[in-house]
> 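Could you have a look at this structure, given as structure tokens, before my questions?
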Amino acid sequence: MSRGTESLVFQGRVPASQYAAMRAPFQEGDFPGPVKFGYLNVGRVEAGPTELVGRTVFSLYPHQTRFLVPAGALTPVPDEVPPGRAVLAGTVETALNALWDAPPRIGDRIAVVGAGMVGCCVAALLARFPGVRVQLIDVDLARVTVAAALGVAFAHPAQAADGCDLVFHASATQAGLQRSLELLAPEGTVVDLSWYGDRPVTLPLGEFFHSRRLSLRSSQVGAVPPELRGRHTTAARLSLALDLLKDPVFDVLITGESDFDELPQVMAEIATGGLPGLCHRIRYGPA
């Protein structure tokens with residue numbers, strides 16, 4: 001499940017101006033609801049082209065136990081990636097796109113604000129870059145163990161190191177975005193991966209935003225950055241994300257699982273914060 005986006009959809013908080021943009025592939029119904037939504041799905045092909053039958057595949061499809069989908073909408077999962085880990089493909093793809101939007105440089109001081117699924121995936125990829133200082137920042141001090149598993153430093157927002165060249169913001173909160181700007185060195189950039197739904201966000205742009213010549217840019221997985229579109233398609237980007245998931249370090253992001261029949265209750269608990277964690281999987285068939 002995508003905790004942030006699916007929770008906002010569940011609560012009916014998609015802005016009317018974004019109804020078309022926020023339609024999930026193969027969505028049924030229209031916003032604000034009722035809709036059949038969801039887009040992180042891993043399953044096994046039961047019937048279809050010979051080369052796909054029996055294969056484990058990733059697809060962007062709403063929560064459903066069985067479905068018919070065009071073969072072109074499926075991406076085979078590498079044999080080295082367990083199906084349970086492959087559900088993170090869409091989230092790793094989001095993180096990958098963010099690093100394409102603002103490529104880190106050797107020696108950069110980088111912060112990731114918000115240790116949710118997206119923020120942790122960004123941190124996991126940044127941990128592979130040589131010569132960079134990476135800190136994962138969150139108000140939940142329990143995320144220190146996740147940061148350690150990913151191979152990056154952890155800090156509470158109040159204790160985070162400033163002077164950052166680059167900050168990836170993924171907390172989906174006004175406070176997190178404001179703190180991200182505060183952490184920047186002069187000429188630094190905040191890349192905002194959060195989606196706020198219909199919630200307004202206010203920032204103190206009268207403080208050091210202009211005097212430090214800071215930059216704030218968005219990153220959204222719906223499109224490959226313009227400068228890379230001649231070399232990378234969205235399909236190739238997804239395949240790369242699945243290849244990156246060969247690393248077992250991503251298993252630390254799987255924190256819960258429920259049966260499909262429990263989905264209504266689970267969705268309500270996640271949307272209200274009653275079921276914390278990172279990636280919560282929905283099991284469509286027998287364990």
Side-chain angles (χ1 to χ4, degrees), residues 2-6 8 21-22 39-40 58 60 87-130 132-138 143 146-147 150-154 160 164-173 176-181 183-185 187-197 201 214-229 231-245 247 249-250 253 278-279:
S2 168
R3 286 177 175 267
T5 300
E6 290 191 47
L8 288 169
M22 287 305 300
Y39 52 90
L40 303 172
F58 178 87
L60 300 173
V87 296
L88 291 167
T91 313
V92 173
E93 187 181 13
T94 300
L96 173 61
N97 208 69
L99 297 185
W100 282 353
D101 278 323
R105 299 162 299 187
I106 293 176
D108 271 356
R109 298 154 296 179
I110 304 174
V112 180
V113 176
M117 284 173 59
V118 172
C120 285
C121 286
V122 172
L125 297 184
L126 285 171
R128 305 175 182 214
F129 280 78
V132 299
R133 184 193 78 186
V134 183
Q135 55 179 340
L136 182 59
I137 300 168
D138 202 275
R143 295 290 162 87
V146 177
L150 298 177
V152 299
F154 178 84
C164 294
D165 303 290
L166 189 58
V167 176
F168 293 93
H169 175 244
S171 80
T173 66
L177 183 54
Q178 179 173 334
R179 187 65 178 131
S180 296
L181 287 169
L183 293 174
L184 287 177
E187 309 284 347
T189 298
V190 168
V191 180
D192 195 2
L193 291 86
S194 298
W195 185 58
Y196 303 90
V201 175
L214 306 181
S215 296
L216 173 62
R217 64 174 301 174
S218 65
S219 179
Q220 209 281 333
V221 73
V224 172
E227 63 272 20
L228 296 178
R229 289 174 192 168
R231 291 178 285 148
H232 296 280
T233 64
T234 53
R237 186 186 59 189
L238 178 56
S239 293
L240 177 56
L242 282 163
D243 189 67
L244 290 169
L245 281 168
D247 190 340
V249 71
F250 288 100
L253 305 186
L278 292 169
C279 179

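Quick note: numbers below take in every heavy atom, side chains included, and nothing from hydrogens, waters or symmetry partners.
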> State, yes or no, whether a side-chain contact exists between Asp138 and Val113 at a heavy-atom distance under 4.5 Å.
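Heavy-atom side-chain distance check fails, nothing below 4.5 Å.
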> Is there a side-chain contact between Thr189 and Val167 in this structure, where contact means two heavy atoms from C-beta onward sitting under 4.5 Å apart?
no
> Between CG of Leu99 and OG1 of Thr94, what distance do you get to the nearest 0.5 Å?
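OG1 of Thr94 is found 11.0 Å from CG of Leu99.
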> Starting from the C-alpha separation in whole Å, work towards a yes-or-no answer on side-chain contact (heavy atoms from CB on, under 4.5 Å) for Ser2 and Met117.
CA-CA 8 Å; Ser2 168; Met117 284 173 59; 5.8 Å; no
> Just by modelled atom types, is the Ile110 backbone N or O under 3.5 Å from a matching donor or acceptor in the Asp108 side chain?
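Absent.
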> Taking all heavy atoms of Phe129 and all of Leu125, pick out the closest pair and write down the distance.
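Looking at all heavy atoms of both residues, the closest pair is CD1-O, 3.4 Å.
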> Any donor-acceptor pair under 3.5 Å linking the side chain of His169 with the backbone of Ser180?
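No, because the side chain of His169 does not come within donor-acceptor range (under 3.5 Å) of the backbone of Ser180.
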> Answer yes or no: is there a donor N or O on one side and an acceptor on the other, between the side chain of Ser171 and the main chain of Gly114, under 3.5 Å?
no
> Mind checking side chain to side chain donor-acceptor pair (under 3.5 Å) for Arg109 and listing every partner two or more places apart, or none if nothing turns up?
Asp165
> Could you state the interatomic distance from OG1 (Thr5) to CE (Met22), rounded to the nearest 0.5 Å?
5.0 Å
> Taking all non-hydrogen atoms of both residues into account, name the closest pair between Leu126 and Pro104 and its distance.
CD2-CG, 3.5 Å
> Hey, could you give me each pair passing ring-ring contact (aromatic ring centres under 6.0 Å, His included) that has a residue in residues 90-124? Not counting sequence neighbours.
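Found Trp100-His232.
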> Taking all atoms of both residues into account, what is the closest heavy-atom pair of Ala89 and Leu238, and its distance?
CB-CD1, 4.0 Å
> Excluding sequence neighbours, so at least two apart, what forms side chain to side chain donor-acceptor pair (under 3.5 Å) with Arg133?
none
> On a heavy-atom basis, which atom in Leu245 and which in Val92 lie closest, and how many Å separate them?
CD2-CG2, 3.8 Å
> Any idea which heavy atoms bring Phe168 and Ala98 closest together, and the distance?
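Heavy atoms of Phe168 and Ala98 come nearest at CE2-O, 3.6 Å.
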> Are the side chains of Leu166 and Arg105 in touch, meaning some heavy atoms are under 4.5 Å apart?
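Counting from C-beta outward, Leu166 and Arg105 never come under 4.5 Å.
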> Suppose we screen for salt bridge (Lys or Arg N to Asp or Glu O under 4.0 Å). Which residues come up paired with Arg229, at least two apart in sequence or across chains?
none
> Just do the side-chain contact (heavy atoms from CB on, under 4.5 Å) check on Val122 and Val191 with the steps written out, would you?
CA-CA 11 Å; Val122 172; Val191 180; over 6 Å; no
> Let me check something: any side-chain donor-acceptor pairs from residues 214-227 under 3.5 Å, sequence neighbours excluded? List them with distances.
unit_1 : atom_1 : unit_2 : atom_2 : d
Arg217 : NH1    : Asp101 : O      : 2.7
Ser219 : OG     : Asp101 : OD2    : 2.6
Gln220 : OE1    : Gly222 : N      : 2.5

> Got a second to check how far Glu93's CD is from Leu240's CG, nearest 0.5 Å?
9.0 Å
> Please test Phe250 against Leu150 for side-chain contact (heavy atoms from CB on, under 4.5 Å), starting from the C-alpha separation and ending with a verdict.
CA-CA 8 Å; Phe250 288 100; Leu150 298 177; 5.6 Å; no
> Hey, what do you get for OG1 (Thr91) to CG (Leu253), rounding to the nearest 0.5 Å?
8.5 Å
> Going through the distances and angles, do Phe58 and Val87 end up as a side-chain contact (heavy atoms from CB on, under 4.5 Å)?
CA-CA 7 Å; Phe58 178 87; Val87 296; 5.7 Å; no
> Among residues at least two apart in sequence or on other chains, which ones pass side chain to side chain donor-acceptor pair (under 3.5 Å) with Gln135?
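If we apply the side chain to side chain donor-acceptor pair (under 3.5 Å) test to Gln135, skipping adjacent residues, there are no hits.
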> Enter the distance from Asn97:CG to Leu193:CG here, rounded to the nearest 0.5 Å.
8.5 Å
> How many angstroms lie between atom CG of Leu242 and atom CZ of Arg237, to the nearest 0.5 angstrom?
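CZ of Arg237 is found 12.0 Å from CG of Leu242.
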> Nearest heavy-atom pair of Leu278 and Ala115: which atoms, and what distance?
CD2-O, 3.3 Å
